[in-house]
Amino acid sequence: MCATEGQDLTTYDVVVVGGGAAGLSGALMLGRARRSVLVIDAGEPRNAPASAVHGFLTRDGTNPGELLEAGRAEARGYGARVIYGRVASAVAVEGGFTVDLEDGSRVGARRLLVATGLVDELPDVPGVRERWGRDVLHCPYCHGWEVRDRAIGVLAGGPLSVHQALMFRQLSADVMFFSHTMPPPTGEQAEQLAARGIRVVDGEVASLEVVEDRLVGVRLGDGRVVGREALAVSPRMSARAGFLAALGLRPEEHPAGVGEYIPSEATGHTDVPGVWVAGNVTDLVAHVGAAAAAGAAAAAQINADLVAEDTERAVSAYRARREARTAGRR
Ligand SMILES: Cc1cc2nc3c(=O)[nH]c(=O)nc-3n(C[C@H](O)[C@H](O)[C@H](O)COP(=O)(O)OP(=O)(O)OC[C@H]3O[C@@H](n4cnc5c(N)ncnc54)[C@H](O)[C@@H]3O)c2cc1C
């Protein structure tokens, strides 16, 4: 499971770009399959602002940094190299890829697993960025239990905002919908909110009110302050994939209108031979468990692909030897 060195370029069976749940899970599987693996990670996992990972079986409540530290240790235990760095670009070459890092270094890879996650584009409201992952939230499964029965606001900002309000209503009877810069809901959506007792507050939200490091309210443009203890927002989600452009892989608009992602087959394989994707870079709504599962599944596919290639090479060499022996006997 050694990486090969040639012409000053160390080449790995697989270079994993991104060392979050998806990338490390892939590296663990590939290491256990005795593949040489390099994980290059820029160290900015999406859930870094949160104090705990919730809903991940057996690790519910674990600090996100501690979870990844344990993941790195497990992957390293099977020989994977995990380094800090940021990939600037990757290009296809004979037999694989060369991967350039921002620090100027370069490595080779027979296959690529891209697990670089996404960027949450937060609404431009003063206070939102500072409170993100604490009392400014997005996901009822990640943080909903923690704000159950509290005064929750939902800041409209995307096609799924009404759905989000209905989801948070499952967790608290006190939910308000701030239409903010969107038109107030009408028709069936207005009826749904009214039926579930969710008050709609018109008008742009100007800022958040924070006292002693806690959200206490939402200030509207006209100066009114509405008391709230948590605010759900709908960031636009953009796959972190700029470095893939030279490979011809570009993010596409998601059909749900919630952001941009790298499309792939169910196995994680992309349109570019030899390149797999896993986690939030391709599945914008994947939680930690789903991201880890996708990384493991993609790794299994990559290993099978390499086994097929190794076998094909071995068969060619075997035939050549056999033909040479036969020719020698003649
Ligand atoms: C505030 C918040 C709280 C959340 N809480 C929960 C929760 O409680 N439970 C849950 O299941 N999910 C939660 N999530 C969702 C969770 O963050 C994602 O499911 C998970 O991070 C996806 O894993 P990933 O490996 O796809 O991406 P990430 O965890 O984002 O990891 C991607 C890694 O790739 C690196 N990277 C990016 N570009 C490059 C590059 N060019 N070169 C090298 N490295 C690069 C990044 O720095 C990062 O370390 C939360 C999300 C947010 C925003």
Side-chain angles (χ1 to χ4, degrees), residues 18-25 39 41-75 82 84 115-155 157 164-165 167-172 174-175 207-218 227-238 240 259 279-281 283-295:
L24 289 173
S25 176
V39 181
D41 183 43
E44 293 166 355
R46 183 183 175 205
N47 56 348
S51 60
V53 175
H54 287 292
F56 187 28
L57 195 65
T58 77
R59 293 293 176 274
D60 182 71
T62 308
N63 175 272
E66 284 171 20
L67 188 78
L68 294 184
E69 188 54 52
R72 285 190 289 270
E74 285 181 0
V82 185
Y84 173 79
T116 44
L118 62 79
V119 172
D120 291 289
E121 295 168 17
L122 295 171
D124 188 17
V125 172
V128 162
R129 184 162 298 282
E130 293 80 354
R131 309 301 307 171
W132 175 234
R134 301 169 70 193
D135 34 30
V136 173
L137 319 163
H138 72 302
C139 162
Y141 301 106
C142 305
H143 330 268
W145 173 265
E146 283 62 43
V147 297
R148 66 194 182 283
D149 296 329
R150 308 280 267 283
I152 301 172
V154 174
L155 186 73
Q164 188 182 37
M167 297 292 282
F168 274 96
R169 175 63 184 79
Q170 168 66 16
L171 296 152
S172 171
D174 183 1
V175 177
S207 62
L208 304 189
E209 294 286 299
V210 177
V211 173
E212 289 176 0
D213 202 28
R214 277 185 28 243
L215 180 71
V216 295
V218 167
R228 293 291 91 184
E229 296 170 284
L231 186 70
V233 299
S234 317
R236 190 176 152 77
M237 298 175 280
S238 293
R240 287 192 274 218
N280 277 166
V281 72
D283 180 358
L284 300 179
V285 297
H287 294 167
V288 170

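Note that this is a predicted model, so its numbers are computed, not measured. Atom set for the values below is all heavy atoms of this structure, side chains included, hydrogens, waters and symmetry mates excluded.
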Problem - N/O donor-acceptor pair under 3.5 Å between S172 side chain and R150 backbone - result: yes
Problem - Minimal non-hydrogen separation, R228 against G153, with atom names - result: CD-N, 3.5 Å
Handout entry: Candidate pair V119 and M237, rule side-chain contact (heavy atoms from CB on, under 4.5 Å), full reasoning
Key = CA-CA 6 Å; V119 172; M237 298 175 280; over 6 Å; no
Handout entry: Distance-minimising heavy-atom pair for G20 and L68
Key = C-CD2, 3.8 Å
Exercise for the section: Provide the closest heavy-atom pair for G65 versus R72 in the form atom of the first, atom of the second, distance. Expected result: O-NH2, 4.5 Å
Problem - More than 12 heavy atoms of other groups within 6.0 Å of R129 CZ - result: no
Fill in the blank from the handout: On a heavy-atom basis, the closest approach of G61 and A52 is O-CB, 3.6 Å
Exercise for the section: Please tell me if the side chains of P140 and Q170 come closer than 4.5 Å, counting only heavy atoms from C-beta onward. Expected result: no
Exercise for the section: Name all residues meeting the salt bridge (Lys or Arg N to Asp or Glu O under 4.0 Å) criterion together with R59; count only those two or more places apart in sequence or in a different chain, and write none if there are none. Expected result: none
Handout entry: 4.5 Å side-chain heavy-atom contact, L171 and V147
Key = no
Completion exercise
Closest non-hydrogen atoms of A115 and V281, given as atom of the first, atom of the second and distance, are CA-CG1, 4.4 Å
Problem - Heavy atoms from other residues, nucleotides or ligands near CD of E121 exceed 12 (cutoff 6.0 Å) - result: yes
Handout entry: Any donor-acceptor pair under 3.5 Å from D120 side chain to L122 backbone
Key = no
Handout entry: Minimum heavy-atom distance W132-P235, with the two atoms named
Key = CH2-CG, 3.8 Å
Handout entry: Salt-bridge contact R134-D213 (side-chain N to carboxylate O under 4.0 Å)
Key = yes
Problem - Check: L137 and V233 side chains under 4.5 Å, non-hydrogen atoms - result: no
Problem - Spacing of L118 atom CG and R240 atom CZ [to the nearest 0.5 Å] - result: 6.5 Å
Exercise for the section: Using atom types as modelled and distance alone, determine if a side-chain donor or acceptor of E209 lies under 3.5 Å from a backbone N or O of V216. Expected result: no
Handout entry: Under 3.5 Å: donor-acceptor pair, side chain of D135, backbone of L231
Key = no
Exercise for the section: Among D60, T62, N47, find the residue that satisfies the side chain to side chain donor-acceptor pair (under 3.5 Å) test when tested with H54. Expected result: D60
